[in-house]
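To start, the structure under review is shown below, and the notes come after it.
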Amino acid sequence: MPISEQQPTEAELRERQDYLVRQLAVEQNTARLQSFSDELEAVQRFLEQVRNA
């Protein structure tokens with residue numbers, strides 16, 4: 001999920017987080033696993049910032 005000019009809502013971030021967790025559970029391709037993992041980490045950092053704001 002590329003970060004657009006408009007910041008996603010917390011609900012959108014949680015929805016994306018759920019999607020990424022599901023993809024990590026079933027993905028077999030190592031490169032895609034790494035991509036999903038990297039994006040999940042970014043989403044979780046963003047959620048942490050939202051919580052601390």
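- Under the rule for a side chain to side chain contact (heavy atoms under 4.5 Å, CB included), Thr30 has no partner lying at least two apart in sequence or in another chain.
- In this structure, the side chains of Leu20 and Gln17 stay at 4.5 Å or more apart for every pair of heavy atoms.
- Take Val21 and apply the side chain to side chain contact (heavy atoms under 4.5 Å, CB included) test, not counting sequence neighbours, and it matches Leu40.
- Residue Ser37 holds its OG atom at 13.5 Å from CD of Gln23, rounded to the nearest 0.5 Å.
- For residues 19-30, the pairs satisfying salt bridge (Lys or Arg N to Asp or Glu O under 4.0 Å) are Glu27-Arg32, with sequence neighbours left out.
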- So Leu47 and Val43, side chain to side chain contact (heavy atoms under 4.5 Å, CB included) or not? Walk me through it. CA-CA 6 Å; Leu47 278 168; Val43 167; 4.2 Å; yes
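- To the nearest 0.5 Å, atom CG of residue Leu13 and atom CD of residue Gln7 are 9.0 Å apart.
- The distance from the CZ atom of Phe46 to the CD atom of Glu12 is 10.5 Å, given to the nearest 0.5 Å.
- At most 12 heavy atoms of other shown residues, nucleotides or ligands fall within 6.0 angstrom of atom CD in Glu15.
- Scanning for side-chain hydrogen bond (donor to acceptor under 3.5 Å, both in side chains) contacts around Asp18 gives an empty result, with sequence neighbours left out.
- Within the structure, side-chain hydrogen bond (donor to acceptor under 3.5 Å, both in side chains) contacts touching residues 43-53 (residues at least two apart or in different chains) are Glu41-Arg45.
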